[in-house]
Chemist: 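Here it is, the structure, as structure tokens.
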Amino acid sequence: MRNSTEELHDGPRRRVGPLAALAGRLPGTHDLLLMQCPSSLRPLTGGELPPWARTVLRAHPWVTVGRAPTVVGDPADLPRPLRCARDEEAAPEHWIPVTVRGPRPGQRLDALAPWSAVARTLRPEQLPERWGRLAPDRIAGIPALALLPEAARLVADHRLSWGPIGAAGHELGTGLPVAGPLSPLRLVLRAPHPVSRRDALQLRRALSRLPVPVQAELETRYGAVQLAEYAAGVHTFTLLTPYGPREVHDPWFPRGPYA
């Protein structure tokens with residue numbers, strides 16, 4: 001029989017330890033992580049988690065993976081956690097860059113989360129199927145949620161793997177009512193292979209006709225570029241990478257220094 005925690009999060013939590021740390025792929029940018037031990041998070045600014053973050057994580061231990069390098073080992077410049085002891089004989093820890101979303105608009109905390117304490121991972125591609133779980137009044141009152149099926153149809157015409165991110169994605173994954181009436185619909189479009197400017201322009205125009213602001217990004221093997229920027233036909237793009245933005249001429253074959 002499944003317990004209440006498993007019912008809430010669609011599956012058993014992972015065991016903290018070396019087996020959990022070594023199983024499966026490392027999370028990617030925009031993934032949602034359910035933390036087995038939220039108190040193991042280390043704020044990038046150092047020190048303890050602020051009270052609001054502890055309150056949020058105690059009730060809903062979900063965090064979002066950021067676009068920054070994973071740290072292997074024990075970050076020397078960050079304080080060691082006082083709780084959630086880990087097997088010292090386990091493989092070196094992978095620390096994932098994450099963001100904790102607060103209850104107030106713009107309230108965010110950047111931190112590092114140990115991979116061994118991650119209980120569940122949700123990729124953006126898994127979130128559209130959770131649309132039907134939302135309450136009808138939430139869908140009706142939030143354009144970014146109400147128009148998700150129409151956006152899905154438009155993206156499907158271009159055969160790109162995709163998923164919602166931002167506030168809409170967070171709400172679909174966690175069930176928390178964080179999206180608002182003015183929230184944009186943010187999408188990540190997986191593009192490991194080059195997309196033609198013509199296709200990008202057609203998709204951008206189709207998405208721009210939706211009665212909600214749409215912010216889509218093409219995720220290449222090296223980072224992300226905004227769909228609107230790529231479709232505009234400029235010669236130089238800002239490629240967002242784990243190591244910072246780069247000015248490149250081709251998002252799929254980047255050359256040039258970091259910005």
Chemist: CG/L32 to OG1/T64 distance, rounded to the nearest 0.5 angstrom?
Modeler: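 So the gap between those two atoms works out to 5.0 Å.
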Chemist: Would L201 and V234 show up in the same hydrophobic cluster when neighbours are defined by side-chain heavy atoms closer than 4.5 Å?
Modeler: no
Chemist: Between L49 and V100, is there a side-chain heavy-atom distance shorter than 4.5 Å?
Modeler: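 In short, these two side chains do not touch, never coming nearer than 4.5 Å.
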Chemist: Please examine the side chains of Q36 and R120, heavy atoms only from C-beta on, and report whether any two atoms are closer than 4.5 Å.
Modeler: no
Chemist: Rounded to the nearest 0.5 Å, what separates atom CD in Q226 from atom CG in L239?
Modeler: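 Q226 atom CD to L239 atom CG measures 11.0 Å (nearest 0.5 Å).
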Chemist: Does V178 belong to the same Ile/Leu/Val/Met/Phe/Trp/Tyr cluster as L57, with side-chain heavy atoms less than 4.5 Å apart forming each link?
Modeler: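 No; L57 is not reachable from V178 via cluster members.
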Chemist: Hey, does L41 have a side-chain heavy atom less than 4.5 Å from the side chain of L109?
Modeler: no
Chemist: Hydrophobic clusters join Ile, Leu, Val, Met, Phe, Trp and Tyr when side-chain heavy atoms are under 4.5 Å apart, directly or via other members; which others share one with I165?
Modeler: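 Result for I165 is V188.
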Chemist: About how many Å separate OG1 of T220 and CD of E217, when rounded to the nearest 0.5 Å?
Modeler: 10.5 Å
Chemist: Residues in side-chain contact (heavy atoms from CB on, under 4.5 Å) with R159, at least two apart?
Modeler: none
Chemist: With sequence neighbours left out, what residues match R104 under side-chain contact (heavy atoms from CB on, under 4.5 Å)?
Modeler: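 Partners of R104 by the side-chain contact (heavy atoms from CB on, under 4.5 Å) criterion, ordered by chain and then number, come out as Q107.
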Chemist: To the nearest 0.5 Å, tell me how far E229 CD sits from L218 CG.
Modeler: 10.5 Å
Chemist: I'd like to check the salt bridge (charged side-chain N to carboxylate O under 4.0 Å, His left out) partners of E171; sequence neighbours left out, ordered by chain and number.
Modeler: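 E171: salt bridge (charged side-chain N to carboxylate O under 4.0 Å, His left out) contacts with R138.
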Chemist: A side-chain contact here means heavy atoms from C-beta on lying under 4.5 Å apart; do W62 and L122 qualify?
Modeler: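 A side-chain contact under 4.5 Å exists here.
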Chemist: Quick one: side-chain hydrogen bond (donor to acceptor under 3.5 Å, both in side chains) pairs with a partner in residues 180-192, sequence neighbours left out?
Modeler: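 Of all non-adjacent pairs touching residues 180-192, those that pass side-chain hydrogen bond (donor to acceptor under 3.5 Å, both in side chains) are E125-R190.
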Chemist: A side-chain contact here means heavy atoms from C-beta on lying under 4.5 Å apart; do H30 and R123 qualify?
Modeler: no
Chemist: Report whether L182 and L176 are members of the same hydrophobic cluster (ILVMFWY, side-chain heavy atoms less than 4.5 Å apart, transitive linking).
Modeler: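 In one cluster with L182: L176, no.
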Chemist: Would a distance-only check, ignoring hydrogens and angles, find a side-chain to backbone donor-acceptor pair under 3.5 Å from R130 to L172?
Modeler: yes
Chemist: A side-chain contact here means heavy atoms from C-beta on lying under 4.5 Å apart; do S208 and V214 qualify?
Modeler: no
Chemist: Could you tell me which residues satisfy side-chain hydrogen bond (donor to acceptor under 3.5 Å, both in side chains) with Q215, sequence neighbours excluded, listed by chain and number?
Modeler: none
Chemist: Under the 3.5 angstrom rule, does the side chain of D31 hit a backbone N or O of G28 as a donor-acceptor pair?
Modeler: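 Yes.
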Chemist: With the side chain counted from C-beta on, respond yes when P213 and L185 share a heavy-atom pair under 4.5 Å apart, and no when they do not.
Modeler: no
Chemist: With I139, which residues qualify under side-chain contact (heavy atoms from CB on, under 4.5 Å), at least two apart?
Modeler: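 Applying side-chain contact (heavy atoms from CB on, under 4.5 Å) to I139 gives W131, L134, A146.
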Chemist: Any Lys/Arg nitrogen of E150 or R209 sitting under 4.0 Å from an Asp/Glu carboxylate oxygen of the other?
Modeler: no
Chemist: Tell me every residue that passes side-chain contact (heavy atoms from CB on, under 4.5 Å) with A68, counting only those two or more places apart in sequence or in another chain.
Modeler: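 side-chain contact (heavy atoms from CB on, under 4.5 Å) check on A68 returns P97.
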Chemist: Heavy-atom count around R205 CZ within 6.0 Å, excluding the residue itself: above 12?
Modeler: no
Chemist: Mind checking the CG-CG spacing from L148 to L127? Nearest 0.5 Å is all I need.
Modeler: 9.0 Å
Chemist: Transitively linked via ILVMFWY side-chain contacts under 4.5 Å: L227 with L210?
Modeler: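 Both belong to a single hydrophobic cluster.
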Chemist: What residues, two or more places apart in sequence or in another chain, satisfy side-chain hydrogen bond (donor to acceptor under 3.5 Å, both in side chains) together with D157?
Modeler: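 side-chain hydrogen bond (donor to acceptor under 3.5 Å, both in side chains) check on D157 returns nothing, list empty.
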Chemist: If I take atom CZ from residue R246 and atom CG from residue L240, how far apart are they, to the nearest 0.5 angstrom?
Modeler: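 These two atoms lie 12.0 Å from each other.
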Chemist: Per the ring pair (Phe, Tyr, Trp, His ring centres under 6.0 Å) rule, what does the pair list look like for residues 198-235, sequence neighbours excluded?
Modeler: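 Only Y230-F237, Y230-W252 qualify under ring pair (Phe, Tyr, Trp, His ring centres under 6.0 Å).
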Chemist: So, using side-chain hydrogen bond (donor to acceptor under 3.5 Å, both in side chains) as the criterion, who are the partners of T238 when residues are at least two apart?
Modeler: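 Listed in chain order: E247.
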Chemist: I'd like to check V118 versus M35 (side-chain heavy atoms, cut-off strictly below 4.5 Å). Are they in contact?
Modeler: yes
Chemist: If Ile, Leu, Val, Met, Phe, Trp and Tyr residues are connected whenever their side-chain heavy atoms lie under 4.5 Å apart, and connections chain through other members, are L187 and V212 in the same group?
Modeler: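 L187 clusters together with V212.
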Chemist: Excluding sequence neighbours, so at least two apart, what forms side-chain hydrogen bond (donor to acceptor under 3.5 Å, both in side chains) with H170?
Modeler: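 Not a single residue meets the side-chain hydrogen bond (donor to acceptor under 3.5 Å, both in side chains) criterion with H170.
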